[in-house]
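A quick write-up on the structure given underneath.
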Amino acid sequence: MKILYKTSATATGGRSGVSKLDDDSFEVNIVPPGSKREGVNPEQLFAIGYSACFDNAMQMVAQHMKLAPTASSTTIEVGLAQLESGGFGLDIDLYANIAGLSETDAQTLLDTAHKACPYSNALHGNVDVRLHLKLAA
């Protein structure tokens, strides 16, 4: 594997602490889900990263496949789940909103982007990601 980019972050205090990029360009308060305190939880950060990565993968794949959607966006829902084994896992629904393509082309784009996206590849075999296609006019 050829590494194209690498970054690092450090968390202190877990779900009641602070996480920051090691280059000091971003810092955020981490709070448990449902907390009334100001901050975000790791699942929210994962949803932000995955949605941006997947939306970019759709753009790149569309270009490669010579498809020209008029618009697209990606919404990721991330749930924290209790596993039967006693540990914790993620529950993920991915909504691809695609305009300007036939349903067949949009579905092909969604499926191919899911094979290209680094987040999707990291989850493959570990987390069931349910794909949902929304066609827009």
Side-chain angles (χ1 to χ4, degrees):
M1 177 167 38
K2 178 182 175 187
I3 305 298
L4 301 175
Y5 172 75
K6 201 172 212 177
T7 190
S8 62
T10 300
T12 305
R15 287 181 178 268
S16 295
V18 174
S19 290
K20 68 176 191 167
L21 293 175
D22 290 341
D23 68 3
D24 290 325
S25 64
F26 179 73
E27 182 175 308
V28 64
N29 291 325
I30 304 296
V31 297
S35 173
K36 300 295 184 202
R37 295 183 314 214
E38 187 174 324
V40 298
N41 62 60
E43 293 74 30
Q44 291 171 310
L45 292 170
F46 190 88
I48 287 172
Y50 194 0
S51 63
C53 189
F54 193 89
D55 206 58
N56 190 71
M58 279 201 305
Q59 293 171 18
M60 291 180 58
V61 166
Q63 211 171 24
H64 185 300
M65 295 175 69
K66 299 189 182 351
L67 296 173
T70 56
S72 71
S73 66
T74 302
T75 301
I76 303 287
E77 291 181 355
V78 177
L80 181 61
Q82 178 78 53
L83 301 175
E84 289 180 20
S85 63
F88 296 93
L90 298 176
D91 178 75
I92 299 179
D93 283 281
L94 185 155
Y95 296 88
N97 306 291
I98 301 171
L101 295 180
S102 70
E103 184 173 358
T104 300
D105 284 347
Q107 187 65 54
T108 300
L109 175 59
L110 171 59
D111 294 339
T112 306
H114 190 49
K115 293 176 185 166
C117 175
Y119 275 71
S120 291
N121 285 325
L123 296 172
H124 183 76
N126 298 308
V127 176
D128 181 28
V129 177
R130 292 172 299 278
L131 302 178
H132 307 275
L133 175 61
K134 290 184 175 181
L135 294 177

Please answer whether the main-chain N or O of [Y] pairs with a side-chain N or O of [X] as donor and acceptor at a distance below 3.5 Å.
X    : Y    : result
D55  : T74  : yes
T112 : L109 : no
N121 : K115 : yes

Taking side chain as C-beta onward, heavy atoms only, is [X] less than 4.5 Å from [Y]?
X    : Y    : result
K134 : T75  : no
C117 : M58  : no
I76  : V129 : no
T108 : L101 : no
P69  : Q59  : no
R37  : N29  : no

* Going by the angle between their ring planes, with limits at 30° and 60°, are Y50 and Y119 parallel, tilted or perpendicular? ->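 Parallel: the ring planes of Y50 and Y119 meet at under 30°.
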
What are the two closest heavy atoms between [X] and [Y], and how far apart are they?
X    : Y    : value
I98  : A106 : CD1-O, 3.8 Å
L135 : S102 : CD2-O, 4.5 Å
Q82  : G87  : NE2-O, 3.1 Å
V61  : A113 : CG2-CA, 3.9 Å
G39  : Q44  : O-OE1, 4.5 Å
I30  : P42  : CG2-CD, 3.9 Å

Enter the distance from [X]:[atom1] to [Y]:[atom2] here, rounded to the nearest 0.5 Å.
X    : Y    : atom1 : atom2 : result
F46  : L80  : CZ    : CG    : 12.0 Å
D111 : S120 : CG    : OG    : 11.0 Å
L90  : D128 : CG    : CG    : 11.5 Å
L131 : L110 : CG    : CG    : 5.0 Å
T7   : D23  : OG1   : CG    : 6.0 Å
E103 : Q107 : CD    : CD    : 7.0 Å

* In terms of side-chain geometry, is the basic nitrogen of K20 or D24 positioned less than 4.0 Å from the acidic oxygen of its partner? ->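 A salt bridge links K20 with D24.
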
Decide whether [X] and [Y] are clustered together by the hydrophobic rule: side chain heavy atoms of Ile, Leu, Val, Met, Phe, Trp, Tyr closer than 4.5 Å, transitively.
X    : Y    : value
L133 : L94  : yes
V40  : V18  : no
V78  : L123 : yes

Just checking [X]: does its [atom1] atom have more than 12 heavy atoms from other residues, nucleotides or ligands closer to it than 6.0 angstrom?
X    : atom1 : result
M65  : CE    : yes
H132 : NE2   : yes
E38  : CD    : no

